[in-house]
Amino acid sequence: MEIQLWRKILSPYDQAVKELTVKFEHLIKEYREQGQYSPIEQVHGRVKSISSILDKAQKKGIALNEIEEKLEDIAGIRIICQFVEDIQKVVDIIRGRTDMHIREEKDYVSNMKESGYRSYHLIVDYRVETMYGPKDLRAEIQIRTLAMNFWATIEHSLQYKYKKNIPDHIREKLSAAADAIIVLDQEMSQVRSEIMDAQNSFQIQSRLVADILNTIQNLYNLANKREILKIQDEFYRIYQSENLEQLRRFQKELDLIAEGYRAQSC
Ligand code: 0O2
C-alpha cells in the first residue's frame with residue numbers, strides 16, 4: 001500500500017486518539033476542580049504503528065483491505081487508575097456517555113490471561129468529523145491499575161526483545177511478579193480510603209493556597225503596601241501551621257477585605 005494511502009487511512013484514527021485523550025484528561029480535571037477523587041489517574045493514547053498493524057494482520061490472516069474492519073485497536077487509549085475498584089467506575093462512566101458506544105468488553109482483570117496480563121478492555125464505536133464528513137471507527141480502551149500497567153509494560157518490552165519467545169526462566173519470574181501485583185493491588189485497596197482522603201486534602205489545600213495568593217496579588221493594586229505585608233505574614237504563619245480549617249477561615253476573611261477594597265475603589 002502506498003505511504004500516502006496509509007496516511008489517509010490512519011488520519012481519522014489519529015484524530016480519534018487525540019479527541020478521546022482530551023476528553024478523558026478533561027474528566028480528571030473536572031473531578032479535581034470539584035475537590036473529588038478522580039477514578040482516572042492518567043490517560044495515554046497512540047495510533048498503532050504501520051509495522052505493528054502489518055505484523056498483527058499477518059498473524060491473524062487479515063487482508064490489507066480488511067484492516068479497518070477487523071483490527072480493533074488501530075486507535076488505542078490506555079486509562080490508568082490507582083485502585084482496582086476504580087476500573088469498574090471508569091467502565092460505568094464510559095457506559096453512560098453518548099459520544100462513544102461500547103461494542104465489546106474483555107475482562108482480563110477477573111480473568112487473568114495465561115501470560116499474567118491483567119487489564120479491562122473495551123472496544124468502542126466512535127465518530128470523528130473529518131474534511132470528508134463523519135467517519136465511524138473503533139477504538140480500544142484498556143483500563144488498568146498503575147501496578148498492572150507496570151507489569152504489562154515490562155512484559156511487552158520483553159516480548160519485543162525475545163520476539164514473543166520469552167525464555168522459560170523469565171516467564172516464571174513474570175508469572176511470580178503477576179501474582180505479586182495482585183497482592184499489591186489488594187493491599188492498596190485496603191488503605192484506599194486513607195489514600196483518597198490524603199490526596200483530597202492535598203488538592204483542597206493546593207487550590208486554597210492558589211486562590212489566596214491570587215487574591216493577595218490583586219490586592220497589590222488596591223491596598224497599601226504595609227497592609228499587604230501584614231496579610232502576607234499572616235498567610236505564611238497559617239500556612240506553616242498546616243491547619244486546613246484556619247486556611248479556609250483566612251481565605252474567607254481575605255475575600256471580605258478584598259471585597260471592601262473593591263467597593264471603595266468604585
Ligand atoms: P500492542 O503492541 O500493545 O498494540 P491478540 O493480540 O490476538 O492476543 P486481540 O484479540 O487483539 O489479542 O485482543 P486482546 O487479547 O484483547 O489484546 C489486545 C491488546 O491487549 C494487545 O495488543 C496488547 O496491547 C494487550 N495485551 C493482550 N495480551 C497481552 C499480554 O499478554 N501482555 C501484554 N503486555 N499486553 C497484552 P497487541 O496488538 O498485541 O499489542
Problem set entry | Distance-only donor-acceptor check, side chains Tyr37 and Gln203, under 3.5 Å | no
Exercise. Between Arg138 and Val124, is a side-chain contact (heavy atoms from CB on, under 4.5 Å) present by the stated rule, with each step listed?
Worked result: CA-CA 6 Å; Arg138 271 172 261 163; Val124 296; over 6 Å; no
Problem set entry | From Asp107 atom CG to Tyr120 atom OH, the distance as rounded to the nearest 0.5 Å | 5.0 Å
Problem set entry | Tyr162: ring pair (Phe, Tyr, Trp, His ring centres under 6.0 Å) partners, not counting sequence neighbours | none
Exercise. Does the Glu66 side chain pair with the main chain of Ala63, one donor and one acceptor, at a distance under 3.5 Å?
Worked result: yes
Exercise. With distance as the sole test, does Asn218 use its side chain to make a donor-acceptor pair with the main-chain N or O of Thr215 at under 3.5 Å?
Worked result: no
For this session: Kindly say whether Ala180 contributes a backbone atom to a donor-acceptor pair with the side chain of Trp151 at under 3.5 angstrom?
Result: no
For this session: Output, in order, the C-alpha distance, side-chain angles, deciding distance and verdict of side-chain contact (heavy atoms from CB on, under 4.5 Å) for Phe24 and Ile141.
Result: CA-CA 11 Å; Phe24 288 118; Ile141 305 179; 4.1 Å; yes
For this session: Please answer whether the main-chain N or O of Gly133 pairs with a side-chain N or O of Thr130 as donor and acceptor at a distance below 3.5 Å.
Result: yes
Exercise. Aromatic rings His121 and Tyr108: how do their planes relate, parallel, tilted or perpendicular, breaks at 30° and 60°?
Worked result: perpendicular
Exercise. Which residues satisfy the ring pair (Phe, Tyr, Trp, His ring centres under 6.0 Å) test with Phe235, sequence neighbours excluded?
Worked result: Tyr239
Exercise. Lys230 and Glu227: salt bridge (charged side-chain N to carboxylate O under 4.0 Å, His left out), yes or no, with the steps?
Worked result: CA-CA 5 Å; Lys230 225 174 84 192; Glu227 175 142 26; 5.4 Å; no
Problem set entry | Pair Lys59-Asp55, salt bridge (charged side-chain N to carboxylate O under 4.0 Å, His left out): steps then yes or no | CA-CA 6 Å; Lys59 189 180 119 196; Asp55 285 352; over 6 Å; no
Exercise. Any donor and acceptor pair, going by atom type alone, linking the side chain of Ser189 with main-chain N or O of Asp185 inside 3.5 Å?
Worked result: yes
Seminar exercise, completed: Closest non-hydrogen atoms of Arg144 and Ala152, given as atom of the first, atom of the second and distance, are NH1-CB, 3.4 Å
For this session: Name all residues meeting the side chain to side chain contact (heavy atoms under 4.5 Å, CB included) criterion together with His156; count only those two or more places apart in sequence or in a different chain, and write none if there are none.
Result: none
Problem set entry | Salt-bridge present (Arg192, Asp197; N to O < 4.0 Å) | no
Exercise. Under 3.5 Å, is there a donor-acceptor pair between the side chain of Ser175 and the main chain of Arg171?
Worked result: no
For this session: Check Glu140, Gln42, Gln142, His44 against Arg78 for a side-chain hydrogen bond (donor to acceptor under 3.5 Å, both in side chains) and give me the one that passes.
Result: Gln142
For this session: With side-chain contact (heavy atoms from CB on, under 4.5 Å) as the test, would you mind laying out the steps for Ile182 and Arg118 before giving the verdict?
Result: CA-CA 9 Å; Ile182 296 178; Arg118 287 169 75 232; 3.5 Å; yes
Exercise. Hey, is the main chain of Gln246 close enough, under 3.5 Å, to the side chain of Asn243 for a donor-acceptor pair?
Worked result: yes
Exercise. Charged N to carboxylate O under 4.0 angstrom, Arg32 versus Glu41?
Worked result: yes
Problem set entry | Worked verdict on Glu33 versus Lys29 for salt bridge (charged side-chain N to carboxylate O under 4.0 Å, His left out) | CA-CA 6 Å; Glu33 278 175 0; Lys29 190 164 170 268; 3.2 Å; yes
For this session: Check step by step if salt bridge (charged side-chain N to carboxylate O under 4.0 Å, His left out) holds for Arg95 and Asp92.
Result: CA-CA 5 Å; Arg95 239 183 230 129; Asp92 289 341; 2.9 Å; yes
Exercise. Do Thr145 and Gln82 have side-chain N/O donor and acceptor atoms under 3.5 Å apart?
Worked result: no
For this session: Please lay out, stage by stage, how His101 and Tyr126 fare under the test side-chain contact (heavy atoms from CB on, under 4.5 Å).
Result: CA-CA 7 Å; His101 301 281; Tyr126 185 72; over 6 Å; no
Seminar exercise, completed: Rounded to the nearest 0.5 Å, the OG1 atom of Thr153 sits from the CE atom of Met148 at a distance of 13.0 Å
Exercise. Would you find a donor on one side and an acceptor on the other, under 3.5 Å apart, between the side chain of Arg127 and the backbone of Met100?
Worked result: no
Seminar exercise, completed: When rounded to the nearest 0.5 Å, the distance separating NZ of Lys161 from CD1 of Ile170 is 7.0 Å
Exercise. To the nearest 0.5 Å, what is the distance between NZ (Lys48) and CG (Leu10)?
Worked result: 11.5 Å
Exercise. Between Arg237 and Asp233, does at least one N-O distance fall below 4.0 Å, as a salt bridge requires?
Worked result: no
Exercise. Would you say the side-chain atoms of Glu30 and Gln34 include a donor-acceptor pair closer than 3.5 Å?
Worked result: no
